[in-house]
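A, B, ... follow the sequence lines: proteins, then strands. Residue 1 opens every chain.
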Number of protein chains: 2
Amino acid sequence: MALRHAVLAALLDGEYSGYQLAKAFDIGVANFWHAVPQQLYTELAKLEKEGLVAGRQVIQESRPNKRLFRVTDAGQAELERFAADVSKPSFIRDDLLVKVQAADRVGTGPVIEQLDERAAAADAKIELLGKLLLRLRGDVDEDEFLRTGERIGPYLTCLRGLSFEREHREWCLRIAAVLRERRTEHAER
Amino acid sequence: MALRHAVLAALLDGEYSGYQLAKAFDIGVANFWHAVPQQLYTELAKLEKEGLVAGRQVIQESRPNKRLFRVTDAGQAELERFAADVSKPSFIRDDLLVKVQAADRVGTGPVIEQLDERAAAADAKIELLGKLLLRLRGDVDEDEFLRTGERIGPYLTCLRGLSFEREHREWCLRIAAVLRERRTEHAER
DNA sequence: TCTGTCTAGTCATAGAGTTGAGTATCGGGA
DNA sequence: TCCCGATACTCAACTCTATGACTAGACAGA
């Protein structure tokens with residue numbers, strides 16, 4: 001039940017509409033929680049009913065009206081409560097790893113391809129996160145920012161995302177190489 | 001819908017009962033897919049109904065009878081098919097990161113504690129995985145094993161698990177240190 | 001003019017995952 | 001003797017997450 005808390009945490013940085021929140025989620029929050037827009041709309045509606053966020057209508061001229069949400073005091077308290085109780089350990093949950101587990105019992109061709117694609121996707125994400133980090137910390141250097149920055153939460157989670165993507169890329173490349181070599185050796189025999 | 005495939009992949013290494021599978025999942029498969037026993041029982045029943053696994057009753061004297069499952073040809077084909085179609089990119093989904101995201105807006109005390117606990121848990125997991133890897137590759141060295149080993153799938157996924165846990169530990173320790181220092185500085189002011 | 005994309009959402013439903021309780025037998029230790 | 005933990009499961013209810021199908025106006029480019 002942490003989507004609600006992820007939403008609350010994301011709304012700490014300002015007012016967002018469901019639509020904007022979906023975008024903000026894609027960059028940033030996506031490092032530790034993924035959600036499609038529909039989920040966010042649903043969650044915002046629930047949170048509003050429970051009084052954890054408050055919405056206000058914004059009439060717009062040249063585009064559809066929207067509702068901006070902010071965290072209420074009750075929402076803040078709920079986050080506080082959430083932060084204090086224990087959370088289950090995290091784990092990777094990845095289709096691709098299922099495929100690799102079966103790797104020497106199924107055709108490796110498509111798996112190798114997907115490993116390459118993943119590595120490339122990770123690369124793209126790494127660059128994106130690098131830029132995001134730079135933007136978040138401004139001109140100061142990282143250690144300095146982490147000591148004195150106003151709002152470091154998002155920065156810290158991005159660091160985790162970055163290290164995850166890096167490791168993921170390295171692993172993908174290495175495994176793809178291993179599987180390739182085995183194919184070659186097999187062909188030679 | 002990859003639990004079914006994780007189950008199939010796990011059953012590649014031999015016959016298991018639901019109970020044994022649950023254990024096997026805890027070590028090994030847990031690196032990329034987590035499931036509680038009930039899910040496995042349910043999934044095995046579904047897979048059997050669809051003919052992807054076959055079960056056979058084993059009568060036991062001093063303990064409850066059990067049903068051992070193995071992958072059928074149809075199951076093998078299903079895995080093959082699964083390996084070939086694209087899978088969505090993976091992501092971390094972790095309560096703790098939600099908390100860190102909100103870190104400078106909620107009490108950091110409990111969060112720091114949880115970071116420490118996580119680091120310790122990761123440490124334990126790292127040791128466990130190290131032993132598992134050693135057991136899987138036997139006496140040969142890693143590169144040699146990866147080139148010539150019979151069954152490297154589980155080894156490769158464990159490598160991913162290991163690197164994930166290492167990164168996770170490093171991150172937890174660093175973030176805990178950052179948050180601690182900020183508390184101190186705050187207290188001094 | 002037509003198509004596509006962006007903004008800004010709603011509704012319904014399927015599927016996946018979690019939680020809790022319950023059944024039954026065996027063997028070991030206090 | 002009695003309870004605990006391991007083996008080996010089943011059933012039911014529930015929540016959370018994901019997917020697909022829709023609406024509707026504005027604007028940009030072919």
Side-chain angles (χ1 to χ4, degrees), chain A residues 1-8 15-26 29-30 32-50 53 55-69 82 85-95 98, chain B residues 1-8 15-26 29-30 32-50 53 55-69 82 85-95 98:
Chain A
M1 231 229 234
L3 173 58
R4 62 189 313 104
H5 299 107
V7 168
L8 287 173
E15 278 188 325
Y16 288 104
S17 69
Y19 194 82
Q20 290 170 312
L21 190 59
K23 308 234 137 172
F25 245 71
D26 260 356
V29 182
F32 55 92
W33 209 273
H34 162 81
V36 293
Q38 285 85 341
Q39 283 176 267
L40 299 178
Y41 285 120
T42 313
E43 204 58 49
L44 282 171
K46 272 197 262 177
L47 286 168
E48 193 183 21
K49 216 174 71 185
E50 292 169 38
V53 305
R56 64 185 180 88
Q57 183 90 9
V58 172
I59 283 75
Q60 297 188 118
E61 296 268 297
S62 70
R63 32 193 79 182
N65 297 335
K66 58 181 175 183
R67 306 200 59 217
L68 292 181
F69 294 91
F82 170 72
D85 67 33
V86 293
S87 46
K88 300 154 217 162
S90 68
F91 46 87
I92 307 174
R93 178 168 258 181
D94 191 344
D95 280 11
V98 176
Chain B
M1 228 227 235
L3 173 57
R4 60 189 312 104
H5 298 108
V7 169
L8 287 173
E15 278 187 326
Y16 288 103
S17 68
Y19 194 82
Q20 291 170 310
L21 190 60
K23 309 233 137 171
F25 245 70
D26 261 356
V29 182
F32 54 93
W33 209 273
H34 160 82
V36 294
Q38 284 86 339
Q39 281 177 270
L40 299 178
Y41 285 119
T42 313
E43 204 57 51
L44 282 170
K46 273 199 260 178
L47 285 168
E48 193 183 21
K49 215 174 73 184
E50 291 169 39
V53 305
R56 63 184 180 90
Q57 183 90 7
V58 173
I59 295 12
Q60 297 187 117
E61 294 269 297
S62 71
R63 29 193 84 181
N65 297 335
K66 60 183 175 181
R67 307 201 58 217
L68 292 181
F69 294 91
F82 170 72
D85 66 35
V86 293
S87 46
K88 301 153 215 157
S90 67
F91 46 87
I92 307 174
R93 177 168 258 182
D94 191 344
D95 280 12
V98 177

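Rounded to an integer number of Å, the gap from B:Asp95 CG to C:dT18 C1' is 13 Å. What separates OH of A:Tyr16 from P of C:dG9 is a distance of 15 Å, to the nearest Å. Atom NE2 of B:His5 and atom P of C:dG15 are 14 Å apart (whole Å). Between B:Glu48 atom CD and D:dT10 atom C1' there is a gap of 15 Å when expressed in whole angstrom units. Between the CG atom of B:Leu40 and the C1' atom of C:dT19 there is a distance of 15 Å, given to the nearest Å.
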Can you name the atoms? Protein N/O to nucleotides 17-22 of chain D N/O, anything below 3.5 Å, with the distance.
residue : atom : partner : partner atom : Å
D:dT17  : O3'  : B:Arg93 : NH1          : 3.4
D:dA18  : OP2  : A:Gln39 : OE1          : 3.0
D:dA18  : OP2  : A:Gln39 : NE2          : 3.3
D:dA18  : OP2  : B:Arg93 : NH2          : 3.3
D:dT19  : OP1  : B:Lys88 : NZ           : 3.2
D:dG20  : O6   : A:Gln38 : NE2          : 3.1
D:dA21  : N6   : A:Gln38 : NE2          : 3.2

Shorter than 3.5 Å, N or O on both sides, protein versus nucleotides 6-8 of chain D: list them out with atom names.
residue : atom : partner : partner atom : Å
D:dT7   : OP2  : B:Tyr19 : OH           : 2.8
D:dT7   : OP2  : B:Lys23 : NZ           : 2.5
D:dA8   : OP1  : B:Gln60 : OE1          : 3.4
D:dA8   : OP1  : B:Gln60 : NE2          : 2.6
D:dA8   : O3'  : B:Asn65 : O            : 3.3

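Between A:Lys66 and A:Gln57 there is no side-chain heavy-atom pair separated by less than 4.5 Å. Proximity of B:Trp33 to A:Phe91: side-chain heavy atoms (C-beta onward) are nowhere separated by under 4.5 Å. The shortest side-chain heavy-atom distance between B:Phe32 and A:Val98 falls under the 4.5 Å cut-off.
The 5' end of DNA chain C is approached more closely, in terms of each residue's nearest nucleotide, by A:Phe69 than by the other of B:Ser62 and A:Phe69.
Residues passing the salt bridge (Lys or Arg N to Asp or Glu O under 4.0 Å) test with B:Arg93, sequence neighbours excluded: none.
B:Ser90 and A:Asp94 share a side-chain donor-acceptor pair at under 3.5 Å. Checking B:Gln39 against B:Thr42 by side-chain atom types alone, no donor-acceptor pair falls below 3.5 Å.
Classified by interplanar angle (parallel below 30°, tilted 30° to 60°, perpendicular above 60°), the ring pair B:Phe82/B:His5 is parallel.
A:Gln38 contributes atom CD, which lies 13.5 Å from atom CD of A:Glu43 (distance to the nearest 0.5 angstrom).
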